[in-house]
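Structure first, commentary second.
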Amino acid sequence: MGAFMKICSWNINSIRLREAQVLRLLKQHCPDVICLQECKSPVEKIPIQGFRDLGYEHMVASGQKGYNGVAIFSKLPIIDEFSIDFADLKHARHIAGHLENGFIIHNFYVPAGGDEPNIDTNLKFAQKLAFLDAMKKWFDSNEQKRAILVGDLNIAPHEDDVWDHKKLSKIVSHTPIEIEKLSEVMRAGNWIDVFRKATPNGKLYSWWSYRAKNWHLADKGRRLDHIWVSSDLSGLKFENSIFREARGWDRPSDHAPIFTVFDEI
DNA sequence: ATGGTAGGTCTCCTA
């Protein structure tokens, strides 16, 4: 048995409203590191005591009032941090932490992009593509080693990442231009999508709309949440899971938490 | 073709 590291990513849709759910998840699954998106809170108003009490003594975060916001809570020491304002949107959408064990973790919340997949009529879609271009550019000039990238990337790139590939191809999150831009980001950083490495085909979802009644039975989901690793880590053994059960909790986030356990780090 | 739900800066914006 070698050392291992368990990492979780979860779009929590307000950390102040759902603090108890995050703590419940941590007690149940004991990841070493949890990366949260859509905290919707300034950093100084993120509740931290409950996390500390469970052994998550290290936090790095980028926040703003009301919208966006990303945070990393860790049992493992975080010795450095930085945040990048991709595409100069002045949004809190990225935080990175260097762990003492040599790993770097990037936590992203990519813009959702609005409803209309048209850069001329929808500023939010233009900003989403600009954000992806900026990510690509940054990874072009910053080679990643012992790196993990997680987050709500708001793109479901694979046919089996959506409930209906044909219908969703005109819907923001699964359009060809977004999928192409995301693949450029992946190529720039030599990233490996661990969920699709383990499961090349077969439906995988991490998000179900609040608007869909009986989300569980209809199961019209999308895989918007991702865990990637840099190519130097491709030899690591790992296991992934999507904790769909949390989507069925009372007053849930619309996203399920996703996990990867790395063995022999 | 439309509307459906949820959270926060709360009758309007974002997802």
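Convention: sequence-line order gives letters A, B, ...; per-chain numbering from 1.
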### Query
Passes side-chain contact (heavy atoms from CB on, under 4.5 Å), A/Gln127 versus A/Phe86? Steps please.
CA-CA 10 Å; A/Gln127 288 178 335; A/Phe86 292 96; over 6 Å; no

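Residue order along DNA chain B, read from the 5' end via each residue's closest nucleotide, puts A/Leu17 first among A/Asp254 and A/Leu17. Nearest-nucleotide positions on DNA chain B place A/Asn13 closer to the 5' end than the other of A/Asn13 and A/His255.
The aromatic rings of A/Phe108 and A/His94 sit tilted relative to each other, their planes meeting at an angle between 30° and 60°. Classification of the A/Trp138-A/His106 ring pair by plane angle, with boundaries at 30° and 60°, yields perpendicular.
For A/Ser14, a side-chain nitrogen or oxygen approaches OP1 or OP2 of B/dG8 to under 4.0 Å. Between A/Lys124 and B/dT14, a side-chain N or O to OP1/OP2 separation shorter than 4.0 Å is present. Between B/dG7 and A/Arg251, a contact under 4.0 Å exists linking OP1 or OP2 to a side-chain N or O. Put simply, A/Arg93 has no side-chain N or O that comes within less than 4.0 Å of OP1 or OP2 on B/dT14.
Distance CD1 (A/Ile171) to P (B/dA15): 16 Å, rounded to an integer number of Å. One interatomic measurement links the two molecules: CG of A/Asp115 to P of B/dT14, which rounds to 10 Å at whole-angstrom precision. Look at CD on A/Glu116: it is 17 Å from C1' on B/dT14, rounded to the nearest Å. Put simply, NE2 on A/His91 is 13 Å from C1' on B/dA15, counting in whole angstrom units. Rounded to an integer number of Å, the gap from CD of A/Gln64 to P of B/dA15 is 10 Å. When the P atom of B/dC13 is taken as reference, atom CG of A/Asn68 falls 17 Å away, rounded to whole Å. Here the P atom of nucleotide B/dG8 and the NZ atom of A/Lys40 are 6 Å apart, to the nearest Å. In this entry the distance linking CD of A/Glu38 with P of B/dC13 reads 18 Å, nearest Å.
Of the P atoms belonging to B/dT2 and B/dA6, the separation is 23 Å, rounded to the nearest Å. For the C1' atoms, the distance linking B/dA15 with B/dG4 amounts to 14 Å, nearest Å. A distance of about 26 Å separates the P atoms of B/dG8 and B/dG3, rounded to the whole Å.
The base of B/dA6 lies outside donor-acceptor range of the side chain of A/Arg18, with no N or O pair under 3.5 Å.
Salt-bridge formation is not detected for the pair A/Lys6/A/Asp32: no Lys NZ or Arg NE/NH1/NH2 atom is positioned less than 4.0 Å from an Asp or Glu carboxylate oxygen. Look at A/Asp254 and A/Arg247 and you find no salt bridge, because none of the NZ, NE, NH1 or NH2 atoms lies under 4.0 Å from a carboxylate O.
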